[in-house]
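Right, one structure below, let's go through it.
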Amino acid sequence: MTSPAPTPQELLKIAIEVARDAAGTAHRMRTEGVSVAATKSTVTDVVTAADRAVERQVLDALATLRPDDSVLGEEYGGAAAGGPGSGVRWIVDPIDGTVNYLYGLPHSAVSLAAEVDGTVVAGVVRNISTGDEWTATAGGGAWRGGTRLRCSTETDLGQALVATGFGYDPRRRAHQARVVADLIPHVRDIRRLGAAAIDLCYAAEGRVDAYYEKGLAAWDLAAGGLVAHEAGLRVDGLRGVPAGPDMVVAAPPALFEPLHARLADLDASGGP
Ligand code: LIP
């Protein structure tokens, strides 16, 4: 008889334990000094020894705690379950905001989420430098520490502080720069902070009013996207496409349509 599926709260407890240990390792390695270990899609898409060590630590911890679960990680890809499979898949970005981490800027995070049968039900994002920790469970709300998070109530796009990010491919960056140049006169201002998972959590607590970005991977989006959704943000793509690599738009209900309209008009999900 297969064991009952774990509850979102049980999965979140494991996620928090694993993410805190992982963030501790990342912080220690940063203080010891980090350098580029390799590059990936382009010469600016860097990976450090810490990215690899932290993801390995997460994989080993989950293999011990949840041996029948599968895992998808940025550095080592997909790891099948040790056994028949439990229906639970963990999605990990060991260091989201790697360039910030490399430069010592305090805006990078361990992001860890749990999916059950393809739906993210629990997630944690932990800032490696500050220890800020955002959590969410499906239907259980979004939290930072003991504070329940509520997104911005801004209704005027012209008064909205909007976070975004750019890819590593110079051709994509040129397209994204054109989009943000055309958008910026129509919003309060733009913030480019460099870690999608934290950007989504900032939107969840109203430190920015909205966020959008083209090019996010599942590990960038999984945990932060749940936090944002549970804080009341609409998290979606453009023109009916779900949030994903083509586009993620996270905005309060009153801002989603006007922001979506401008991004769609600017073909923000297009380009290379
Ligand atoms: C980063 C994202 C960020 C994006 C960066 C980069 P990484 O992820 O979190 O939003 O703008 O270009 O992709 O590469 O640090 O894991």
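Counting starts at 1 for both ligands and their atoms, in listed order. Values below: every heavy atom of this structure, side chains too, minus hydrogens, waters and symmetry copies.
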Query raised in the report: Looking only at distance, does Arg192 have an N or O less than 3.5 Å from an N or O of ligand 1?
Result: yes
Report task. Please check if any side-chain donor atom of Asp96 sits under 3.5 Å from a side-chain acceptor atom of Ser111, or the reverse. Result -> no
Query raised in the report: Does the salt bridge (Lys or Arg N to Asp or Glu O under 4.0 Å) test come out yes or no for Arg188 and Glu154, once each step is laid out?
Result: CA-CA 11 Å; Arg188 174 190 294 275; Glu154 183 57 62; 5.0 Å; no
Query - Side chain, backbone, both or neither: the part of Tyr168 lying under 4.0 Å from ligand 1 by heavy atom - result: side chain
Query raised in the report: Considering only heavy atoms, does Ile95 approach ligand 1 within less than 4.0 Å through its side chain, its backbone, both, or neither?
Result: backbone
Query raised in the report: Hey, is Thr98 touching ligand 1 through its side chain, its backbone, both or neither, going by heavy atoms under 4.0 Å?
Result: both
Requested in this report: Using a strict cut-off of less than 4.0 Å between a Lys/Arg side-chain nitrogen and an Asp/Glu carboxylate oxygen, indicate whether Glu32 and Arg28 qualify as a salt bridge.
Outcome: yes
Query raised in the report: Cationic tip of Arg52 within the cone over Tyr76's six-membered ring, i.e. under 6.0 Å and within 45° of the normal?
Result: no
Query raised in the report: Between Leu216 and ligand 1, does any nitrogen or oxygen pair lie at a separation below 3.5 Å?
Result: no
Query - Among Leu200, Asp96, Asp93, closest by any non-hydrogen atom to atom 9 (O) of ligand 1 - result: Asp96
Requested in this report: May I ask you to list the atoms of ligand 1 that are less than 4.0 angstrom from any heavy atom of Asp220?
Outcome: 8 (O), 9 (O), 16 (O)
Query raised in the report: Looking just at side-chain N and O atoms, do Thr48 and Asp51 make a donor-acceptor pair shorter than 3.5 Å?
Result: yes
**Report entry** Nitrogen or oxygen atoms of Ala196 and ligand 1 under 3.5 Å apart
**Finding:** yes
**Report entry** Identity and distance of the protein heavy atom lying nearest atom 12 (O) of ligand 1
**Finding:** Phe166 O, 2.6 Å
Query raised in the report: Does one side chain, of Glu230 or Trp143, offer a donor that lies under 3.5 Å from an acceptor on the other?
Result: no
